[in-house]
Amino acid sequence: MSAPLYSALKNHAALGRAPFHTPGHKSSPAALPGGLFQLDLTELPDTGSLYDGGGPIEQAEALAAKLFGTARTCLSGGGCTLCVQAMFRLAAPNGGKVVCCRKVHRSAVGAMALLGIEPVWAMPEELIPAVGACEEAKAVYVTSPDYYGRLLDIPAIAAACRKKGIPLLVDNAHGAHLMFTEPKLHPLLLGASMTADSAHKTLGVLTGGAWLQIGDSRFSAGAKDAMALFGSTSPSFPVLASLDLCREWLETHSGAFPLLQERAQRVRRLALSRGIPSPSGPADPTRLTLETAKIGLTGTRAAEVFRAAGIEPEYADRSFVVLIATPFNTEEDFQRLERAVRSLPAAEALPEVPEMPPFSPACVPLREALLAESRTVPLERAVGEIAAQIACPCPPGIPAVMPGERIAKETAEFLRGYGFLEIKVLK
């Protein structure tokens, strides 16, 4: 068969691995009905229009808003990226400064560049002072939870935003389900003004399905226009329908996530008994993030062991292997995972991750740097040049350099330690 992508998908599915990765539906018939492809229609009088309002789409959005307790909830078939773009457009329609946590997805960097927004970068622990210090800030933008499941202190950041009268925007891509955990940890309940919820990551939704959640009614009216600025005029109706079906499922399965929390905790306890901790501090109670570096095993090597045992993780890096569990993982999936955890070879802990060097101030505006002509150079020849791309080693999952920043010698050495060999710089 000469359809390589289709063949690759079929071949991977035939492996039968326990799916501890996105999408959250895990291909379970309990999550979604079969035959959704038969509903791959277009915008018709019967189906409605995503951005023009009215009809069944508006009804589905109203039901989702009721479930989440929002001023407005909008369906997205363009993933969390479309929701992030819309949040920036609503909060800073004419550009300006936005205080941004340095732990950020590349979609946010691209959106800010396109909208002429100037990010004021701050590390997570520096966010609240940065909010107070930036007199011209139009908004604050953060990511919580991060890829490892770690949560920021959203109530404290939200309080700082209220003092300034500016909105708090949260990339909640990995936390749509946090409205249903015990306790409930969704950023909207903790003071966020708007969130981008990538429902397909942790819920029973087809890939690309997300919700733009608006808690502050000031931003409700312009939401559809903001999404239409970036979104496709040909949304996938099966994806949109899966969001609607997921909302219905959540209404009738309120206890699913507390049960999942208990099952995930049993895996964490087993891992800890083997000397494998999870990140400390507030975290998503369903996310399984195992620091295998503590037993002398890189996360990437641990992932290979898991795959050999019939388990597909979500992500792995130098220190961690990350597994996404949802209510659609079976007990057999968890038992297979526990057998694999028991089989991990143990040795002396790996060296600690080097401390990230200080960030360089921007020499060129983000928009100009990201859209300008660039060239790729070996990392050793990049010192003193101005970056034209994001370079983000993991861990810690924080960009060491952003477009427009001058590359310092310490930064180049830090990136080299993570295997970076070249980087794009301005011509």
Side-chain angles (χ1 to χ4, degrees), residues 22 24 68-70 79-81 83-88 91 98-109 111-112 119-131 137 139-162 164 166-203 210-216 257 261 264 278-289 314-315 320 322 324 392 394-399:
T22 65
F68 284 94
T70 63
C80 205
T81 293
C83 301
V84 167
Q85 292 165 333
M87 288 197 304
F88 278 120
V98 173
V99 177
C100 295
C101 183
R102 185 76 176 199
K103 189 174 294 186
V104 65
H105 191 269
R106 65 178 62 249
S107 65
V109 178
M112 287 188 284
V120 178
W121 299 113
M123 291 292 282
E125 63 274 12
E126 300 167 347
L127 273 167
I128 293 175
V131 174
V140 175
Y141 177 84
V142 302
T143 301
S144 181
D146 66 9
Y147 214 70
Y148 303 106
R150 295 174 296 203
L151 300 170
L152 293 177
D153 188 351
I154 296 297
I157 301 168
C161 290
R162 286 194 296 272
K164 300 275 290 189
I166 57 176
L168 172 59
L169 321 178
V170 181
D171 176 351
N172 185 49
H174 285 266
H177 64 291
L178 295 178
M179 188 66 78
F180 311 100
T181 55
E182 185 57 48
K184 298 180 186 297
L185 298 168
H186 195 285
L188 279 177
L189 300 177
L190 305 177
S193 305
M194 289 184 274
T195 69
D197 290 11
S198 194
H200 74 90
K201 286 184 168 64
T202 59
L203 297 172
W211 287 297
L212 171 61
Q213 309 276 24
I214 301 176
D216 187 332
F257 279 94
Q261 291 172 230
S278 299
S280 59
D284 172 2
T286 72
R287 182 65 51 109
L288 293 166
T289 301
E314 166 69 17
Y315 170 77
F320 298 95
V322 178
I324 295 179
C392 185
C394 293
I398 296 173

ask   = Would you call the rings of Phe320 and Tyr148 parallel, tilted or perpendicular if under 30° counts as parallel and over 60° as perpendicular?
value = tilted

ask   = What is the ring orientation for His174 with Tyr147, classed by angle as parallel under 30°, tilted 30 to 60°, or perpendicular over 60°?
value = perpendicular

Do [X] and [Y] come within less than 4.5 Å of each other through their side chains, counting heavy atoms only?
| X | Y | answer |
| --- | --- | --- |
| Val131 | Lys164 | yes |
| Leu203 | Trp211 | yes |
| Pro285 | Leu185 | yes |
| Thr70 | Thr195 | no |
| Cys101 | Thr143 | no |
| Glu182 | Phe257 | no |
| Val98 | Pro119 | no |

Grab the two heavy atoms, one from [X] and one from [Y], that are nearest each other, plus how far apart they are.
| X | Y | result |
| --- | --- | --- |
| Ile157 | Leu127 | CD1-CD1, 3.9 Å |
| Ala130 | Ala122 | CB-CB, 3.8 Å |
| Gly397 | Lys103 | O-CG, 3.7 Å |

Out of curiosity, [X] [atom1] to [Y] [atom2], how far, rounded to the nearest 0.5 Å?
| X | Y | atom1 | atom2 | answer |
| --- | --- | --- | --- | --- |
| Leu212 | Met87 | CG | CE | 7.0 Å |
| Tyr141 | Cys100 | OH | SG | 8.0 Å |
| Ser198 | Lys201 | OG | NZ | 3.0 Å |

Counting N and O atoms only, with roles assigned by atom type, does the side chain of [X] sit under 3.5 Å from a partner on the main chain of [Y], one being a donor and the other an acceptor?
| X | Y | result |
| --- | --- | --- |
| Thr289 | Ser278 | no |
| Arg102 | Pro399 | yes |
| Thr202 | Gly24 | no |
| Gln213 | Phe68 | no |

ask   = Do the side-chain N and O atoms of Asp197 and His177 include a donor-acceptor pair separated by under 3.5 angstrom?
value = no

message = For a quick check under 3.5 Å, do Asp171 and His105 share a side-chain donor-acceptor pair by atom type?
response = no

